[in-house]
Amino acid sequence: MKELKILIVFGTRPEAIKMAPLVKLFAADPRFETRVCVTAQHREMLDQVLRFFEITPAYDLDLMKPGQDLYHLTAAVITGMKPVLESFSPDYVFVHGDTSTSTGAALASFYAGARVCHVEAGLRTYNKRSPFPEEVNRQLTARIADLHFAPTNTAAANLLSEGISSQQICVTGNTVIDALLWARKKIAGYEDDEIRELKSLIQPGKKIVLVTGHRRENFGDGFLQICRAIRRIAEMENVQVIYPVHLNPNVQQPVRSLLTGIDTVTLISPLAYPAFIWLMEKSTLLLTDSGGVQEEAPSLGKPVLVMRNTTERPEAVHAGTVKLVGAHEDTIVSEASLLLTDPVAYARMSQNINPYGDGTACASIVRKILALNG
Ligand code: UD1
Ligand code: UDP
């Protein structure tokens with residue numbers, strides 16, 4: 001077999017976390033020449049992940065601009081990929097999920113004649129506006145991709161129903177579990193400065209409610225309702241809300257202006273991945289609109305209230321550990337209150353389940369590429 005050229009492209013925090021174990025596997029195998037291209041759609045939040053997983057990109061498009069919009073970003077990804085694709089001429093380009101980086105890079109790679117591999121393929125709400133623009137990004141990438149690595153059977157069924165051949169689909173589990181297991185092994189018994197600082201912020205004897213949020217469809221009224229709900233939850237007995245605030249200015253502005261100065265609400269900067277895992281493990285309950293957190297928390301046995309009306313990740317909802325509560329103040333407060341005060345309701349939602357895989361997703365992906373090039 002000739003050495004295959006593999007280009008792995010990502011740009012945001014969650015893509016970096018979920019692609020990191022795949023980079024490591026390809027890079028360790030001499031049958032591949034592997035290079036990483038980061039668009040740097042995110043900057044600080046991407047660099048945190050690169051440092052933790054010890055990944056040095058061959059190409060860094062350095063695209064992030066403060067308050068960037070979708071038009072500029074998408075165009076910049078496509079044009080930025082051109083020289084990378086021309087100089088490396090990859091056989092396969094791997095993109096992940098639903099970001100502007102993944103869809104732009106997939107389209108550019110198609111123009112360059114490379115085979116496009118979509119990791120975390122097939123997730124759907126079939127609602128173009130939610131999540132926005134991610135649902136359409138996923139559907140567009142599915143039209144472009146040559147190989148679809150679906151994390152679950154549900155995701156594979158979506159792709160089949162769209163007319164994609166079963167030969168092009170491989171069910172792998174989600175690489176986020178590979179990343180989580182890798183990271184937990186690396187940080188077992190380890191404590192860095194960030195974790196030490198976190199420990200000093202935790203108020204003794206309190207139940208921790210961990211919050212993250214960044215969805216475009218929640219900007220404006222959604223974030224106002226979320227912040228009002230957080231204020232009310234933070235008034236409950238023995239509760240501390242800890243919220244690492246996403247760097248998007250549309251999130252920073254409402255969260256900092258509505259939640260600063262409350263004793264039991266601790267606003268902090270985005271955490272590096274090991275500190276965030278440490279904090280998830282210490283938490284009683286998670287409130288989030290994040291995709292990755294919906295996948296990680298069930299395997300840690302932590303209940304999740306998802307502050308969205310739709311999810312493209314129905315598996316944990318069906319298993320009962322994740323509940324959709326929308327960005328509605330009263331619903332968020334009543335569901336959180338139930339979990340914080342009723343041990344039976346809490347026990348029901350804190351099952352340790354693994355609907356998203358067993359940590360072998362990346363190995364399945366590499367095996368598939370080898371099998372095709374036998
Ligand atoms: C992006 C993705 C979203 C993904 C999310 C993960 C798109 C359209 N959106 O949303 O699918 O779920 O990342 O977090 O692809 N910023 C910084 N530093 C950083 C990161 C962001 O300052 O390290 C600020 C910048 O002002 C930037 C803004 O956040 O312009 C928005 O970043 P962008 O990637 O466009 O959108 P996200 O909301 O992060
Ligand atoms: N995460 C992190 N630090 C934080 C918050 C989240 O490392 O302060 C991790 C989290 O464990 C998950 C991923 O970032 O793996 C989720 O990213 P995000 O919510 O930005 O994007 P989404 O998953 O919604 O696309």
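In listed order, ligands and their atoms are each counted from 1.
Listed by number with element, the atoms of ligand 2 under 4.0 angstrom from any heavy atom of E296 are 10 (C), 11 (O), 12 (C), 15 (O). Interface atoms of ligand 1 facing M45, defined by a heavy-atom separation under 4.0 Å, are 19 (C), 20 (C), 23 (O). For ligand 1, the atoms closer than 4.0 angstrom to any heavy atom of H42 are 1 (C), 6 (C), 13 (O), 14 (O), 20 (C), 21 (C), 23 (O), 34 (O), 37 (P), 39 (O). The ligand atoms of ligand 2 that sit less than 4.0 angstrom from a heavy atom of L271 are 2 (C), 3 (N), 4 (C), 7 (O), 8 (O). Those atoms of ligand 1 that come under 4.0 Å of a heavy atom in R215, given as number and element, are 12 (O).
Checked by distance only, ligand 1 and Q68 come closer than 3.5 Å through their nitrogen or oxygen atoms. For a threshold of 3.5 Å applied to N or O pairs, the pair formed by N137 and ligand 1 contains no separation below that value. Ligand 1 has a nitrogen or oxygen under 3.5 angstrom from a nitrogen or oxygen of H246. Residue contacts with ligand 1: G67 is placed with a nitrogen or oxygen under 3.5 Å of a nitrogen or oxygen of the ligand (distance criterion only). On a distance-only criterion, S100 and ligand 1 share at least one N/O pair closer than 3.5 Å. Geometrically, ligand 1 and T12 share no nitrogen or oxygen pair separated by less than 3.5 Å.
Counting only non-hydrogen atoms, the option in R43, E134, E44 that gets closest to atom 3 (C) of ligand 1 is E134. Nearest-heavy-atom check against atom 30 (O) of ligand 1 across H214, K65, H72 picks out K65.
There is no side-chain donor-acceptor pair under 3.5 Å between T141 and S102.
Judged by the shortest distance from any of its heavy atoms, Q294 lies outside the 4.0 Å radius around the atoms of ligand 2. Residue-ligand proximity: R216 is placed with a non-hydrogen atom under 4.0 Å from ligand 1.
Both cation-pi conditions hold for K186 and F52: the charged atom is under 6.0 angstrom from the six-membered ring centre and inside a 45 degree cone around its axis. Judged by the 6.0 Å distance and 45° axis criteria, R216 is not positioned over the aromatic ring of F132.
Applying the ring pair (Phe, Tyr, Trp, His ring centres under 6.0 Å) test to H148 and every residue at least two apart in sequence or in another chain returns nothing. Checked against side-chain contact (heavy atoms from CB on, under 4.5 Å), A319 has the following partners two or more places apart in sequence or in another chain: I353.
No part of P131 comes within 4.0 Å of ligand 1, judged by heavy-atom distances. Neither the backbone nor the side chain of V251 has any atom closer than 4.0 Å to an atom of ligand 1 (non-hydrogen atoms only). At a heavy-atom cutoff of 4.0 Å, ligand 1 is contacted by the side chain of P133 but not by its backbone.
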(message) For a salt bridge (charged side-chain N to carboxylate O under 4.0 Å, His left out) check, start with the C-alpha distance between E3 and R31, then their side-chain angles and the critical distance, and finish with the verdict.
(response) CA-CA 5 Å; E3 194 179 59; R31 289 168 290 188; over 6 Å; no

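From L258, atom CG reaches atom CD1 of I226 across 11.5 Å, with rounding to the nearest 0.5 Å.
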